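Computed from a prediction, not measured in an experiment: that's the story for all the values here. Every chain is numbered from 1, with letters handed out A, B, ... down the list of sequences.
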2 protein chains.
Amino acid sequence: MPQSASSTWTISELAEEFSVTARALRFYEDKGLLTPTRHGQARVFSATDRARLRLILRGKRVGFSLEEIREMLDLESITSGSPQHLGVWLTRFRARIEVLKQQRRDIDGAIEELETGCAWMEARQADLEPSAELKSRARAFEALARARLEH
Amino acid sequence: MPQSASSTWTISELAEEFSVTARALRFYEDKGLLTPTRHGQARVFSATDRARLRLILRGKRVGFSLEEIREMLDLESITSGSPQHLGVWLTRFRARIEVLKQQRRDIDGAIEELETGCAWMEARQADLEPSAELKSRARAFEALARARLEH
DNA sequence: TATAACGCTTACGTTAACGTCAAGTGGGGA
DNA sequence: TCCCCACTTGACGTTAACGTAAGCGTTATA
């Protein structure tokens with residue numbers, strides 16, 4: 001039983017905690033997103049590594065590529081760059097923000113549609129029999145869906 | 001010059017309007033997401049096709065795979081299924097909604113961080129000289145970033 | 001002592017979503 | 001008529017992000 005309270009983790013501990021495979025963690029190291037120390041051959045992950053992993057997974061969930069995440073995690077290259085270099089990053093950050101805001105709008109729309117679909121399905125499940133009334137409702141739903149399509 | 005007011009589109013017209021390639025549209029047809037009619041060999045896209053494309057691209061932006069989008073666009077398979085089949089879809093829809101809500105939280109967090117980064121870079125660009133004060137600010141930012149990492 | 005259990009590296013395989021030729025078709029101006 | 005241009009259908013190539021398998025060393029437990 002490893003001393004999991006001493007703020008270091010093995011590869012499989014981290015893998016399980018974040019529901020990823022050990023292979024993925026080794027892959028992230030290959031790509032320069034994680035740099036665990038070693039004890040002999042075995043990787044030893046620190047609290048910082050763990051925090052970086054958290055950011056990596058969050059970045060992934062919002063659509064960043066691993067390469068983009070790597071660049072963003074590398075604060076050094078931002079804080080030590082020239083003002084001109086800084087401008088490049090500013091532009092990229094702002095563009096990213098716009099993309100994320102669009103994505104947010106899309107997500108809100110998608111949630112709405114999915115919830116509408118759920119409501120309809122629940123209503124249909126409530127009446128157990130395919131009555132004439134249900135059929136007309138179904139047709140109404142289809143009409144609505146079609147209207148959304150036409151918009 | 002095609003009659004673009006008559007509510008039909010050529011493949012390249014649609015491609016340009018939505019900033020995708022013709023290849024992508026043919027690919028979507030191959031996968032069953034679009035079913036344009038034909039005039040001879042050439043594809044003719046209707047207003048419905050155009051609306052479906054809009055939904056396809058939106059679905060993509062929120063992280064659905066083309067296969068998932070195809071299934072969701074195929075309302076027939078939902079409205080005509082058995083109540084049991086309906087239950088499957090209900091479950092899938094609800095799960096999707098949860099994923100989307102998590103994604104929205106992630107996006108909000110990412111936007112916040114990016115905006116913080118922008119603000120810092122702007123502040124740094126304002127002072128043109130790398131003064132001692134600026135350096136201390138930089139260190140402050142790094143400390144903040146590190147604190148976020150450690151959380 | 002043996003036998004899992006865990007970890008390592010190396011290397012090839014896989015999937016999605018197209019990109020990129022190549023070679024052919026069909027219509028409309030000069 | 002000729003030629004160009006947009007469109008077509010294959011067919012193979014590409015990239016990201018791992019999966020999977022082989023083969024081997026190390027540690028923990030029975």
Participant: Near DNA chain D, which residues from residues 27-36 of chain B have a heavy atom under 4.0 Å away?
Facilitator: none
Participant: Whole-Å distance between D:dG10 C1' and B:Gln41 CD?
Facilitator: 12 Å
Participant: Under a 3.5 Å distance rule, please check whether A:Asp49 uses its side chain to pair with a backbone N or O of A:Ser46 as donor and acceptor.
Facilitator: yes
Participant: With a 4.0 Å limit, can you tell me whether A:Arg43 has a side-chain N or O closer than that to the phosphate oxygens OP1/OP2 of C:dC8?
Facilitator: yes
Participant: Would you check if A:Trp9 and A:Glu17 make a side-chain contact, meaning some heavy-atom pair closer than 4.5 Å?
Facilitator: yes
Participant: Hey, are the side chains of B:Gln102 and B:Glu98 touching, using non-hydrogen atoms and a 4.5 Å cut-off?
Facilitator: no
Participant: Can you check the A:His39 NE2 to D:dG25 C1' distance for me, whole Å?
Facilitator: 15 Å
Participant: Phosphate oxygens OP1/OP2 of D:dC7: is one of them under 4.0 Å from a side-chain N or O of B:Thr10?
Facilitator: yes
Participant: Which heavy-atom pair separates B:Leu55 from A:Glu113 by the least distance, and what is that distance?
Facilitator: CD2-OE2, 4.2 Å
Participant: Pairs under 3.5 angstrom, nitrogen or oxygen only, protein versus nucleotides 19-22 of chain C, please.
Facilitator:
from   : atom 1 : to      : atom 2 : distance (Å)
C:dG19 : OP2    : B:Thr21 : OG1    : 2.6
C:dG19 : N7     : B:Arg23 : NE     : 3.3
C:dG19 : O6     : B:Arg23 : NH2    : 3.1
C:dT20 : O4     : B:Arg23 : NE     : 3.0

Participant: In whole Å, I'd like the distance from the CZ atom of B:Phe45 to the C1' atom of D:dT8.
Facilitator: 12 Å
Participant: Is any side-chain heavy atom of A:Arg52 closer than 4.5 Å to a side-chain heavy atom of A:Thr35?
Facilitator: no
Participant: Less than 4.5 Å apart, side chain to side chain, heavy atoms only: is that true for A:Arg105 and A:Lys101?
Facilitator: yes
Participant: Nearest-Å distance, CD (A:Glu16) to P (C:dA5)?
Facilitator: 15 Å
Participant: Between C:dC8 atom C1' and A:Arg38 atom CZ, what is the distance in whole Å?
Facilitator: 8 Å
Participant: Of the residues in residues 59-68 of chain B, which ones touch DNA chain C at a heavy-atom distance under 4.0 Å?
Facilitator: B:Lys60, B:Ser65, B:Leu66
Participant: Is B:Leu57 reachable from A:Val99 through a run of I, L, V, M, F, W or Y residues, each pair having side-chain heavy atoms under 4.5 Å apart?
Facilitator: no
Participant: In whole Å, what is the span from the CZ atom of A:Arg70 to the P atom of D:dA17?
Facilitator: 12 Å
Participant: Atom CG of B:Leu14 to atom P of D:dC7: distance rounded to whole Å?
Facilitator: 11 Å
Participant: Are A:Phe45 and A:Leu34 packed together at the side-chain level, in the sense that at least one heavy-atom pair is separated by less than 4.5 angstrom?
Facilitator: yes
Participant: Would you call A:Phe64 and A:Arg96 a side-chain contact if the rule is heavy atoms closer than 4.5 Å?
Facilitator: yes
Participant: Between D:dA11 and B:Arg26, is there an OP1 or OP2 to side-chain N/O distance shorter than 4.0 Å?
Facilitator: no
Participant: Are the side chains of A:Leu25 and A:Phe18 in touch, meaning some heavy atoms are under 4.5 Å apart?
Facilitator: no
Participant: Could you tell me the separation between the CG atom of A:Leu25 and the P atom of C:dG7, rounded to a whole number of Å?
Facilitator: 11 Å
Participant: So do the side chains of B:Pro36 and B:Leu14 get within less than 4.5 Å of each other, counting heavy atoms only?
Facilitator: no
